[in-house]
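We number each residue from 1, following the sequence as shown.
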Amino acid sequence: MEKIIEILEDIKPEVDYAQCKELIDGHYLDSLSIISLIAELEEEFDITIPAIEIIPANFNSVEAMYEMIQRLQEEG
């Protein structure tokens, strides 16, 4: 999960990603940040994030992103 936090901090450094559980719902990440985040996650973890997975529940916290990445790696 540290790598996810590093990616997030590169995109928007002023957020406490380890504690925040509402990155999308709390408007900490905007649409451009999410696009950058998806590209970085796909490259770093060698996955493809399909459009159906791009929902707030999968991006509201580092834990949610980690779970999504693990699931996509298992499927792929």
Among the clusters formed by ILVMFWY side chains lying less than 4.5 Å apart, do I47 and I55 turn up in the same one? no
Is there a continuous path of hydrophobic side-chain contacts, each under 4.5 Å between heavy atoms, that joins I35 to I49? no
Test of understanding: with side chain to side chain contact (heavy atoms under 4.5 Å, CB included), list the residues that count as partners of E74, not counting sequence neighbours. none
Applying side chain to side chain contact (heavy atoms under 4.5 Å, CB included) to D25 and not counting sequence neighbours gives E22, P56, N60
Summary of salt bridge (Lys or Arg N to Asp or Glu O under 4.0 Å) pairs that have at least one residue in [range], sequence neighbours excluded:
range          : answer
residues 6-16  : K3-E6
residues 31-42 : none
residues 60-71 : K21-E63, E53-R71

Which heavy-atom pair separates [X] from [Y] by the least distance, and what is that distance?
X   : Y   : result
S61 : C20 : CB-O, 3.8 Å
Y17 : L29 : OH-CD2, 4.0 Å
F59 : L23 : O-CB, 3.5 Å
A64 : A57 : CB-O, 3.2 Å

Nearest 0.5 Å, what's the [atom1]-[atom2] distance between [X] and [Y]?
X   : Y   : atom1 : atom2 : result
N58 : L72 : CG    : CG    : 8.0 Å
E44 : I7  : CD    : CD1   : 5.0 Å
Q73 : M68 : CD    : CE    : 10.0 Å

State whether the number of non-hydrogen atoms from other residues, nucleotides or ligands found under 6.0 Å of E75 atom CD is greater than 12. yes
Heavy-atom side-chain proximity of I69 to L41 below 4.5 angstrom: yes
What pairs meet the side chain to side chain donor-acceptor pair (under 3.5 Å) rule with one or both residues in residues 26-39, with sequence neighbours excluded? D30-S33
